[in-house]
Amino acid sequence: MQTFIKIHPGDNVIVALQTIPAGTSLEVSEGVSVTSLVEIPSGHKMAITDIAANTEIIKYGSSIGFAKEDIKTGDWIHVHNLKTGLGDLLEYSYAPVFDTTKEIPVTDWFNNEELLASLPSTFMGFKRADGKVGVRNEIWVIPTVGCVSNVATAIAKQANTFLSGTVDEVIAFPHPYGCSQMGDDQENSRKIIANLINHPNAGGVLVLGLGCENSGIEILKPYIGDYDEKRVKFLVSQECEDEIETSLELIKELMEYAGSQEREPISVDKLVIGMKCGGSDGLSGITANPLVGRFSDLLIAKGGSTILTEVPEMFGAETILMNRCANEQLFDQTVCLINDFKNYFKSHNQTIYENPSPGNKKGGISTLEDKSLGCTQKSGSSPVRGVLAYGETVKVSGLNLLSAPGNDLVASTALATSGAHIVLFTTGRGTPFASPVPTMKIATNSTLANKKNNWIDFNAGVLVENQTMDEVAASFYNYIIEVASGKKVCAEIAGFHDMAIFKQGVTL
């Protein structure tokens with residue numbers, strides 16, 4: 001395994017890939033050696049030149065902040081001597097990296113046609129009556145309000161005792177919302193619940209209402225739109241004698257309908273994949289996030305779609321995404337995406353550029369720029385084709401940016417309800433959580449992958465050991481096709497299915 005990596009030729013730091021003891025001499029470029037002054041923990045940064053106070057520290061070829069003090073060659077760089085260089089609202093100008101006067105060819109952003117041609121162009125999925133496709137054939141019990149969430153859970157538990165046909169599982173999605181909310185919060189709950197009901201990974205859906213809530217079934221129906229009466233059933237608990245018994249009878253009908261459907265070959269251009277990271281470490285922007293970015297480029301080159309979210313973790317790297325927008329209208333929408341979230345922070349009197357979490361810092365992430373530049377590696381290099389508001393679904397193939405916070409459960413739920421069939425979740429710390437769709441955990445390092453193999457589905461740590469990016473990307477792509485075709489990820493095997501709605505305002 002390599003001892004360190006210099007990510008970009010213009011960087012004035014290297015990243016330790018394993019702990020570097022004090023006094024270790026490292027050849028950082030041809031004929032140039034640097035000796036570590038102190039121990040450099042794995043994932044952390046070391047200066048490879050003298051850096052004066054208030055001078056930029058460069059990683060990924062971009063600034064990740066400024067030195068708080070003079071830093072000597074070979075010294076450890078972290079929160080004790082590095083500060084953010086970011087401000088509040090900024091003025092942006094469109095400087096596209098593509099020729100936006102014509103259609104952008106794949107060769108402008110993807111450089112390995114041989115690799116592309118070697119990978120499968122179909123997966124085994126379920127075609128729905130409305131033309132959508134799913135990668136699972138589950139029955140979902142979705143409460144309209146928190147008051148019946150426990151009832152929904154009890155219904156799903158009992159219904160799983162009579163699975164039949166091709167139905168994978170009956171799943172409840174409890175949540176505390178749907179009533180006592182105001183304004184955007186109520187609207188967001190309605191959108192998210194409606195999008196879940198319409199999600200094609202569910203072969204059948206029971207919508208369970210109470211009867212007196214603000215977001216009752218009749219209120220939700222316009223948000224749901226046209227629906228297949230064989231696929232979606234409704235029950236108002238206050239209107240029946242035994243809501244569990246009645247629900248189980250409805251689920252038997254849904255089971256018969258959904259259970260008769262079979263997997264069949266479907267083009268990968270129908271796949272929508274969400275991309276998210278959490279619990280980052282110093283290798284996140286070197287292994288797992290670039291791997292997801294390479295996959296995103298591969299899938300988009302084959303006509304599919306990906307969604308990138310967690311807007312606060314774009315701060316500091318947003319211009320990279322802005323300048324990849326396919327046109328000026330998308331650029332303007334991306335500026336609004338960023339500034340609206342900054343204003344959301346300011347409206348709650350919160351610091352926009354709060355330092356990363358304790359876990360991030362322990363793993364070697366020092367500033368928000370440091371995290372954001374690593375985070376946006378997940379977007380690959382393809383053009384931005386769509387910008388989505390929270391609760392809005394994908395309409396344009398290619399790379400989409402979605403408005404949602406960085407919180408793992410909220411952001412992953414947002415990805416699922418915007419149409420993602422699968423969520424790719426990169427992590428340097430590890431986490432067992434799930435979302436409404438298969439949530440695949442990609443480890444940034446082999447230590448985590450080996451220690452928590454009950455959480456981790458794929459190890460990107462081999463990228464700094466003995467495998468090339470395209471070798472690992474091919475293996476990763478094929479694994480995702482297997483998951484899309486029915487292979488369960490660790491969280492599914494454990495029986496985990498989470499959801500969380502973004503709450504921003506007043507609760508009555």
Side-chain angles (χ1 to χ4, degrees), residues 7-12 54-66 82-110 275 285 289-290 293 296-297 300 306-347 350-354 367-390 392 395-406:
I7 300 171
H8 187 277
D11 291 353
N12 55 12
N54 299 315
T55 300
E56 287 184 320
I57 293 174
I58 308 298
K59 181 182 174 186
Y60 303 106
S62 298
S63 174
I64 61 167
F66 290 84
L82 169 58
K83 62 183 178 181
T84 182
L86 298 174
D88 288 351
L89 299 182
L90 305 174
E91 293 291 330
Y92 300 102
S93 58
Y94 186 38
V97 297
F98 304 113
D99 182 356
T100 59
T101 63
K102 60 183 181 181
E103 181 61 28
I104 302 166
V106 171
T107 50
D108 275 15
W109 50 267
F110 190 82
M275 305 180 296
N289 289 350
S296 177
D297 285 345
I300 290 169
T306 58
I307 315 172
L308 181 70
T309 190
E310 54 190 334
V311 175
E313 295 180 17
M314 298 175 189
F315 296 169
E318 66 266 43
T319 56
I320 294 171
L321 297 169
M322 289 174 181
N323 292 333
R324 281 168 45 201
C325 287
N327 56 57
E328 195 158 3
Q329 181 181 5
L330 289 168
F331 164 79
D332 290 339
Q333 291 174 350
T334 304
V335 171
C336 289
L337 180 83
I338 297 296
N339 285 342
D340 286 353
F341 237 98
K342 289 181 179 180
N343 284 324
Y344 162 65
F345 276 42
K346 292 179 72 174
S347 70
Q350 298 300 311
T351 304
I352 291 176
Y353 296 112
E354 183 57 63
T367 62
L368 190 52
E369 301 102 297
D370 196 355
K371 182 167 175 59
S372 294
L373 286 162
C375 175
T376 53
Q377 301 288 316
K378 298 192 302 297
S379 68
S381 56
S382 62
V384 174
R385 299 286 189 180
V387 179
L388 307 172
Y390 180 74
E392 187 177 2
K395 298 176 181 65
V396 179
S397 296
L399 175 62
N400 288 260
L401 307 180
L402 168 64
S403 179

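Numbers here are sequence positions counted from 1.
- Take E103 and apply the salt bridge (charged side-chain N to carboxylate O under 4.0 Å, His left out) test, not counting sequence neighbours, and it matches R385.
- At least one side-chain heavy atom of L373 sits under 4.5 Å from a side-chain heavy atom of I320.
- With sequence neighbours excluded, no residue satisfies salt bridge (charged side-chain N to carboxylate O under 4.0 Å, His left out) with K83.
- No side-chain donor-acceptor contact under 3.5 Å links N400 to the backbone of I307.
- With sequence neighbours left out, K346 forms a salt bridge (charged side-chain N to carboxylate O under 4.0 Å, His left out) with no residue at all.
- The heavy-atom pair separating S379 from L308 by the smallest distance is CB-CD2, 3.8 Å.
- Residues forming a side chain to side chain contact (heavy atoms under 4.5 Å, CB included) with E392 (at least two apart in sequence, or on another chain): L388, A389, K395.
- Taking the side chain as every heavy atom from C-beta outward, D99 and I104 never approach each other to under 4.5 Å.
- Y60 and Q377 share no side-chain donor-acceptor pair at under 3.5 Å.
- For residues 329-339, no residue pair satisfies the side chain to side chain donor-acceptor pair (under 3.5 Å) rule, not counting sequence neighbours.
- The backbone N or O of I58 lies less than 3.5 Å from a partner atom in the side chain of N12, making a donor-acceptor pair.
- No donor-acceptor pair under 3.5 Å is formed between the side chain of D297 and the backbone N or O of G380.
- Judged by distance alone, the side chain of T367 and the main-chain N or O of D370 form a donor-acceptor pair under 3.5 Å.
- Within the 4.5 Å cutoff, no side-chain heavy atoms of D340 are placed close to those of Y344.
- Side-chain contact between L321 and I338 is absent, with no heavy-atom pair separated by less than 4.5 Å.
- Contact between P405 and P312 at its shortest, heavy atoms only, is CA-CD, 4.0 Å.
- Contact between F331 and Y94 at its shortest, heavy atoms only, is CZ-N, 3.4 Å.
- In this structure, T100 and C325 approach most closely via the heavy-atom pair CG2-O, 4.1 Å.
- Residues Y92 and E318 form a side-chain contact, since some pair of their non-hydrogen atoms from C-beta on lies under 4.5 Å apart.
- Residues I300 and L399 come closest through the heavy atom pair CD1-N, 3.5 Å.
- The two residues W109 and S382 come nearest to each other via the heavy atoms CE3-CB, 3.5 Å.
- In this structure, D11 contributes its side chain and G61 its backbone to a donor-acceptor pair below 3.5 Å.
- Although no hydrogens or angles enter the test, the distance criterion places no donor-acceptor pair under 3.5 Å between the side chain of S403 and the main chain of L337.
- Screening residues 306-315 for side chain to side chain donor-acceptor pair (under 3.5 Å) gives K276-E310, S296-T306, E310-K378, E313-K371 as the qualifying pairs, with residues at least two apart or on separate chains.
- Atoms OG and CG, on S63 and L86 in that order, are 8.0 Å from each other to the nearest 0.5 Å.
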